[in-house]
Amino acid sequence: GIESLKQGWNDFEDCLVSRCAENVKADYIITRNSSDFKQSIVPALTPKELFDLLANHDNLWYQEIDF
């Protein structure tokens with residue numbers, strides 16, 4: 001909490017998400033607003049960027065489903 005306040009982010013919740021992602025050693029933060037995470041150590045991707053990344057891996061398979 002206090003360390004998040006010291007980092008000077010515009011949005012406190014985004015800072016907390018970034019700090020949590022660091023703590024769990026996440027590879028990415030997936031968000032519609034990746035520009036909100038420019039200060040983050042953990043890179044932020046949009047869902048489209050994630051699916052593009054997954055499409056470039058031969059050993060991964062995914063399928064989009066309708067709800």
Side-chain angles (χ1 to χ4, degrees):
I2 297 297
E3 288 301 314
S4 298
L5 290 172
K6 291 179 185 177
Q7 291 188 2
W9 285 61
N10 290 334
D11 187 302
F12 181 70
E13 287 85 5
D14 289 346
C15 184
L16 291 178
V17 169
S18 175
R19 297 287 303 215
C20 289
E22 285 179 54
N23 286 338
V24 300
K25 298 180 180 13
D27 292 323
Y28 302 103
I29 296 168
I30 308 304
T31 177
R32 290 177 294 163
N33 299 312
S34 57
S35 63
D36 291 347
F37 293 90
K38 290 179 182 174
Q39 291 177 255
S40 179
I41 291 172
V42 178
L45 301 176
T46 64
K48 181 187 178 336
E49 290 171 328
L50 172 65
F51 287 123
D52 289 347
L53 181 71
L54 293 175
N56 290 325
H57 289 281
D58 294 333
N59 60 340
L60 294 176
W61 181 86
Y62 72 92
Q63 180 179 3
E64 296 181 45
I65 59 171
D66 293 324
F67 287 98

Give the minimum heavy-atom separation between A44 and S34, together with the two atoms involved.
-> O-CB, 3.7 Å

Set of side-chain contact (heavy atoms from CB on, under 4.5 Å) partners for D36, sequence neighbours left out | D14, N33

Shortest non-hydrogen contact between T46 and R32, atoms and distance | CG2-O, 4.4 Å

Please indicate whether N59 has more than 12 foreign heavy atoms, meaning atoms of other residues, nucleotides or ligands, lying under 6.0 Å from its CG.
-> yes

D52: partners by side chain to side chain donor-acceptor pair (under 3.5 Å), with sequence neighbours left out = K48

Go through the structure and list residues passing ring-ring contact (aromatic ring centres under 6.0 Å, His included) with F51, not counting sequence neighbours.
-> Y62

May I have all residue pairs that pass ring-ring contact (aromatic ring centres under 6.0 Å, His included) and include part of residues 13-47, sequence neighbours excluded?
-> none

Counterpart residues, side-chain contact (heavy atoms from CB on, under 4.5 Å), relative to A21 (two or more places apart) | A26, I29, V42

Within 6.0 angstrom of N10 CG, more than 12 heavy atoms from elsewhere | no

With sequence neighbours excluded, what pairs up with K38 under the side-chain contact (heavy atoms from CB on, under 4.5 Å) test?
-> S35

